[in-house]
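Following: one structure in structure tokens, then a few remarks.
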Amino acid sequence: MSSKKKSAELSLGTPGATSLMVIFAVLCLAVFSVLTLSTVLADSRLEATANKSVTAYYRADAAAEEALAELRANGEEGLHEYSVPVSDTQRLDVRVRLTGEEYEVFRWQLVNSEKWTADDSLEVWSGE
């Protein structure tokens, strides 16, 4: 009879190991849920930033179209250049030639309005 008891005890295993595996699984699920939440929040911030920049661009584009329509309505012929601000750091540059009822667009470009400066605050090994 003792052999039956021994085999039953061996098949159950130690209760401590099972508890540790359950705790480990719960911790893994908790970590994955926190990582998922942080990813969703980062994606939400990125979406808001992209939405803001796209909206600003299309507002500037509409304003540039209105300026072109006004130039055409006034019958002003010749080469015209103007800029429409998009944000604090960007503008929409337009260059167009009007001849009668027709017009030709030479430039309709989003450009940086601030001069770019390199960030030299981080010392990088030059290889020597």
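If you're wondering where the values come from, they're calculated on a predicted model, not measured in any experiment.
Remark: Q90 engages V86, S87, L110, N112 in a side-chain contact (heavy atoms from CB on, under 4.5 Å) (not counting sequence neighbours). The side-chain hydrogen bond (donor to acceptor under 3.5 Å, both in side chains) check on S121 picks up D119, with sequence neighbours excluded.
For residues 35-61, the set of pairs meeting the salt bridge (Lys or Arg N to Asp or Glu O under 4.0 Å) definition, not counting sequence neighbours, is empty. A salt bridge (Lys or Arg N to Asp or Glu O under 4.0 Å) check over residues 78-104, counting only residues at least two apart or in different chains, returns the pairs E81-R95, R91-D93, D93-R107.
Counting heavy atoms from C-beta on, the side chains of E77 and Y103 never come closer than 4.5 Å.
Using a 4.5 Å cut-off between side-chain heavy atoms of Ile, Leu, Val, Met, Phe, Trp and Tyr, with links allowed through other members, Y58 and V105 fall into the same hydrophobic cluster.
Note that CG of L98 is 6.5 Å distant from CG of L68, once rounded to the nearest 0.5 Å. Separating the OG atom in S19 from the CZ atom in F24 is a distance of 15.0 Å, to the nearest 0.5 Å. How far OG1 of T18 is from CD1 of I23: 11.0 Å, rounded to the nearest 0.5 Å.
In this structure, the side chain of Y82 does not engage the main chain of A67 through any donor-acceptor pair within 3.5 Å.
Few gaps surround CZ on F106; more than 12 heavy atoms of other groups in view lie less than 6.0 Å from it. Other residues, nucleotides and ligands place no more than 12 heavy atoms under 6.0 Å from the CD atom of E70.
Within the hydrophobic cluster formed by Ile, Leu, Val, Met, Phe, Trp and Tyr side chains joined at under 4.5 Å, directly or through other members, V40 stands alone, with no partner residue.
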Distance-only criterion, 3.5 Å: show the donor-acceptor pairs between side-chain atoms of residues 27-36 and protein atoms not counting sequence neighbours.
| residue | atom | partner | partner atom | Å |
| --- | --- | --- | --- | --- |
| S33 | OG | L29 | O | 3.3 |
| S33 | OG | A30 | O | 2.7 |
| T36 | OG1 | F32 | O | 2.8 |

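Contact record, A60 with P85: CB-O, 3.8 Å, taken as the closest heavy-atom pair.
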